[in-house]
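Comments concern the structure below.
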Amino acid sequence: MIESINGVDRVVKVLQKTQTIVRYENSNGNVHYGMVEDDEILQLSSNFAEIANNELKYDGVRVKLSDVKILEPVAPSKVINFGWTYAGHAKETGGEANRKEPFLFLKPASSLIPNEGDIILPSSDLTQQVELEGEVALVIGKRGKNIKVEEAMDYVFGCTIFNDVTARDLTKKDPQFTRAKGFDTFGPLGPWIVTGIDPTNLRIVTTLNGKVVQDGNTNQMSLSIPFLISWISQVMTLEPGDVLATGSPSGSCPMKAGDVVTVEVENIGKLRNYVI
């Protein structure tokens, strides 16, 4: 519903189930959230907590998508990653398929980069095998601890796209994955958050220089998304804005400088990044 107050439209409550929420920097260097409509953004004065509560305050400004810098769609307190949730990917990377619990790791906020950002390869004395992993990511909308499986989806604000860039040679030598997963720029995220879609049945297609290297669907996961949310909430409290990367289908492959990697997820869009 849109009300006009002193000539300015304010979105008080959005009745549509599906919305596309973007975070961006305008020409003045100011950061805003906004709602995407075609090639424009309806600028919001709302913070993320208000948006997650469906309180969208339109401040009367419209900007072109092409005129702003798209940022990571959220600034999370933590990026939680579930590994080996697809049997094919577990097998191809030497993991354990069809686990009863996911392989868990975290990525630092410093790893995150937005759509169209650069993935910077570490020097060759640190790693010689950096690979892509296209994934669906969930953005948490409200605080939760010890969440029941049947209530888990109530804590999901929306979905976005993630590329779990990985130094594969380091996952094979380190006892845990922090170094292999945690380099700066190893967490492309975006381009925006889409609300009101079912994350349990989304096709994921990753291309490397235009060639399809991954083609999977979240319905192939060996562990359900509600289970993953409930499971991790027994370990750590989920906060609004937290990102949960749900794992990668098979097809992970190396990238080199000059490559362009695009992860496309149906009903969300495309996350494109450049390897340098």
Side-chain angles (χ1 to χ4, degrees), residues 19-24 31 33 44 46-56 70-83 85 101-115 117 133-166 176-178 181-182 184-200 202 218 221 223-248 263 265 268 271:
Q19 294 291 336
T20 299
I21 304 296
V22 68
R23 181 171 166 264
Y24 62 96
V31 175
Y33 286 97
L44 302 173
S46 313
N47 59 34
F48 180 79
E50 291 170 328
I51 294 170
N53 196 38
N54 207 24
E55 298 171 3
L56 307 184
I70 303 300
L71 303 175
E72 300 89 348
V74 71
S77 73
K78 48 189 171 292
V79 182
I80 299 167
N81 293 255
F82 300 112
T85 55
E101 294 181 319
F103 183 87
L104 177 67
F105 58 94
L106 301 176
K107 286 212 180 201
S110 55
S111 71
L112 297 180
I113 59 171
N115 182 55
E133 294 186 15
E135 308 187 5
V136 171
L138 313 175
V139 179
I140 296 299
K142 61 181 180 178
R143 196 170 193 264
K145 175 68 176 176
N146 297 325
I147 299 168
K148 297 178 181 178
V149 171
E150 58 270 23
E151 297 174 355
M153 297 308 297
D154 295 338
Y155 289 81
V156 177
F157 170 63
C159 301
T160 187
I161 306 172
F162 190 68
N163 186 351
D164 176 21
V165 180
T166 303
Q176 45 80 31
F177 285 4
T178 301
K181 302 283 191 174
D184 290 351
T185 76
F186 272 27
L189 181 72
W192 39 58
I193 304 167
V194 179
T195 67
I197 60 174
D198 178 8
T200 66
L202 294 175
T218 55
M221 293 172 62
L223 296 167
S224 76
I225 285 175
F227 169 80
L228 294 175
I229 296 169
S230 174
W231 182 83
I232 191 60
S233 76
Q234 319 303 314
V235 179
M236 59 189 75
T237 300
L238 300 180
E239 301 288 354
D242 282 352
V243 172
L244 277 60
T246 59
S248 176
V263 185
V265 177
I268 300 178
L271 172 66

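Quantities reported herein were computed from a predicted structural model and do not represent experimental measurements. Because only heavy atoms are used, hydrogens play no part in the values below, and waters and symmetry mates are left out as well, while side chains stay in.
- For the atom pair CG (Leu202) and CD1 (Ile161), the distance works out to 9.5 Å, reported to the nearest 0.5 Å.
- Scanning all heavy atoms of the two residues, the minimum distance from Lys78 to Thr237 falls at NZ-O, 2.8 Å.
- Asp184 places no side-chain N or O within donor-acceptor distance of the main-chain N or O of Ser111, the cut-off being under 3.5 Å.
- No donor-acceptor pair under 3.5 Å is formed between the side chain of Ser46 and the backbone N or O of Ile51.
- Considering CG of Leu189 and CD1 of Ile113, their distance stands at 10.0 Å, rounded to 0.5 Å.
- Across Ala245 and Asn81, no two heavy atoms sit closer than the pair CB-OD1, 3.6 Å.
- Between Phe157 and Thr195 the shortest side-chain heavy-atom distance falls below 4.5 Å.
- By the 4.5 Å heavy-atom criterion applied to side chains, Arg23 and Val74 are not counted as neighbours.
- Using a 4.5 Å heavy-atom threshold, the side chains of Thr246 and Thr85 count as separate.
- Proximity of Asp164 to Phe177: side-chain heavy atoms (C-beta onward) are nowhere separated by under 4.5 Å.
- Taking both residues in full, the closest heavy atoms of Pro108 and Gly182 are given as CG-O, 3.6 Å, listed atom of the first, atom of the second, then distance.
- With Pro73 as the fixed residue, the side chain to side chain contact (heavy atoms under 4.5 Å, CB included) test singles out one of Thr160, Asn115, Val139: Thr160.
- The distance from atom OH of Tyr155 to atom CD1 of Ile140, rounded to the nearest 0.5 Å, is 10.0 Å.
- Between Val165 and Pro188, the closest side-chain pair of non-hydrogen atoms falls below 4.5 Å.
- We find the NZ-CD1 distance between Lys145 and Ile232 to be 9.0 Å, quoted to the nearest 0.5 Å.
- Summarising the geometry of Ala137 relative to Phe162, their closest heavy-atom pair is CB-CB, 3.9 Å, with the distance given to 0.1 Å.
- Applying the side chain to side chain contact (heavy atoms under 4.5 Å, CB included) test between Tyr33 and each of Ile21, Asn47, Val22 identifies Ile21 as the sole match.
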Test log, rule side-chain contact (heavy atoms from CB on, under 4.5 Å), inputs Leu244 and Leu228: CA-CA 9 Å; Leu244 277 60; Leu228 294 175; 6.0 Å; no

CA sep, side-chain torsions, deciding dist, call: Leu223, Trp231, side-chain contact (heavy atoms from CB on, under 4.5 Å): CA-CA 11 Å; Leu223 296 167; Trp231 182 83; over 6 Å; no

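- Within 6.0 Å of the NZ atom in Lys148, the count of heavy atoms belonging to other residues, nucleotides or ligands does not exceed 12.
- Proximity of Pro199 to Leu138: side-chain heavy atoms (C-beta onward) are separated by under 4.5 Å at one or more points.
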Test log, rule side-chain contact (heavy atoms from CB on, under 4.5 Å), inputs Val194 and Cys159: CA-CA 5 Å; Val194 179; Cys159 301; 5.5 Å; no

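- Checked by atom type and distance alone, the side chain of Ser233 pairs as donor or acceptor with a backbone atom of Ser230 at under 3.5 Å.
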Criterion side-chain contact (heavy atoms from CB on, under 4.5 Å) on Ile70 and Trp192, from CA distance to verdict: CA-CA 8 Å; Ile70 303 300; Trp192 39 58; 5.6 Å; no

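- Between the side chain of Lys107 and the main chain of Phe186, a donor-acceptor pair closer than 3.5 Å is present.
- Atom-to-atom distance recorded for Glu135:CD and Phe82:CZ is 10.5 Å, nearest 0.5 angstrom.
- Counting heavy atoms from C-beta on, the side chains of Pro76 and Leu112 come closer than 4.5 Å.
- With values rounded to the nearest 0.5 angstrom, Lys142 atom NZ is found 11.5 Å from Leu238 atom CG.
- Listed for the Gln176 side chain is a donor-acceptor partner under 3.5 Å among the backbone atoms of Thr178.
- Using a 4.5 Å heavy-atom cutoff, the side chains of Met236 and Ile80 are in contact.
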